[in-house]
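First comes the structure, then the notes that go with it.
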Amino acid sequence: MIYRRAKVERETEQRGMENKGLFISLEGIDGCGKTSVKQGLLQYFSEFPVLSIREPGGTLISEKIREILLNEENREITARTEAFLYAAARSQLVEELILPALLRGKIVLADRYLDSTIAYQGYGRGLDLGFLTTLNQLGTSGLKPRLTLLLDIDPAEAQRRKKKDIPDRLEKEGIEFQSRVREGYLKIAREEPERIKLLDAGKDFKEVLQEAIKYIEDIWPAKSWP
Ligand code: TYD
């Protein structure tokens, strides 16, 4: 295990892998329409090898952690414990699936990644942003997406869209929580404008998807395979 850890860190630090594969994440508050955009992008990428994942989850261990995190009976989880659990689920996902896929030159499409921790546990729950940044760094060996598509939407509209679903533990936090998370995302996007692109998710789905594809083509112009 210790050997593997060191190897992952070396590989990430070498960063030769940025030229291989393509790592894209989708972010936004609950009900922003990430899942539909992800389906559209999967079609767009259909000729290429793609690893599609969601957080928390994606591996056996991470799915077990997901069950703890989203189970609405687990009301006593503290904000810090919550942050550690998300980081643990992500760490497993990075080592087991994301890094190996990128090293093989695949496209990795992630439904949430480390910005969710800053937005939800940081701006939503009020945990210290420095602590969370360190946690994210440790849990991912510093691996960041090349492009992050942030689907921005008014929390009231997002709630209307999700009305039919049974809410999980985080969705039960309500509209004020989602508003803080949204503001958090917007701040993060302002801090990293190169990586994070803002999409108006209140628009028609097709328009949102077109815009998402436009941003992908900006960093991957020829749609060519490395
Ligand atoms: P999920 O049902 O997958 O929601 P969505 O379809 O909106 O992605 O549940 C994931 C929940 O976990 C969502 O409410 C956001 C939250 N979350 C965090 O609070 N921190 C994190 O680091 C991650 C990855 C997710």
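Count residues from 1 along the sequence. Please read these numbers as outputs of a predicted model, since none were measured by experiment. Both ligands and their constituent atoms are indexed starting at 1 by order of listing.
In Gln121, the part holding a heavy atom less than 4.0 Å from any atom of ligand 1 is the side chain. When non-hydrogen atoms are compared, ligand 1 lies under 4.0 Å from neither the backbone nor the side chain of Arg54. Within the 4.0 Å heavy-atom criterion, the part of Leu70 lying near ligand 1 is the side chain and not the backbone.
Close placement of the Tyr113 and Phe23 rings is indicated, their centers lying within 6.0 Å of each other.
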*Apply side chain to side chain donor-acceptor pair (under 3.5 Å) to Tyr86 and Arg66, showing your working.*
CA-CA 8 Å; Tyr86 279 113; Arg66 178 186 175 90; over 6 Å; no
*For Phe84 and Phe131, run ring pair (Phe, Tyr, Trp, His ring centres under 6.0 Å): C-alpha distance rounded to whole Å, both residues' side-chain angles, the deciding distance at 0.1 Å, then the answer.*
CA-CA 11 Å; Phe84 280 121; Phe131 159 72; 5.7 Å; yes
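Taking every non-hydrogen atom of Thr117 and a distance limit under 4.0 Å, the qualifying atoms of ligand 1 come out as 21 (C), 22 (O). Proximity to Lys34 (heavy-atom distance under 4.0 Å) selects the following atoms of ligand 1: 5 (P), 6 (O), 7 (O), 8 (O).
Taking any N or O of Arg90, backbone or side chain, at least one lies under 3.5 Å from an N or O belonging to ligand 1.
Ion pair Glu27/Lys34 not flagged as a salt bridge, since none of the NZ, NE, NH1 or NH2 atoms sits closer than 4.0 Å to an Asp/Glu carboxylate oxygen.
Side-chain atoms of Gln121 and Glu82 include a donor-acceptor pair closer than 3.5 Å.
If you check which protein heavy atom lies closest to atom 10 (C) of ligand 1, you get Pro56 CD, 3.9 Å. For atom 12 (O) of ligand 1, the nearest protein heavy atom (residue, atom name, distance) is Tyr86 OH, 2.8 Å.
Ser91 places no side-chain N or O within 3.5 Å of a backbone atom of Ala88 that could act as its donor or acceptor partner.
The closest non-hydrogen atom to atom 7 (O) of ligand 1, taken over Glu27, Arg112, Arg66, comes from Arg112. When Leu85, Ile29, Asp30 are ranked by how near their heavy atoms come to atom 14 (O) of ligand 1, first place goes to Asp30.
Between Phe45 and Trp220, the ring planes are tilted. Angles from 30° to 60° get that label.
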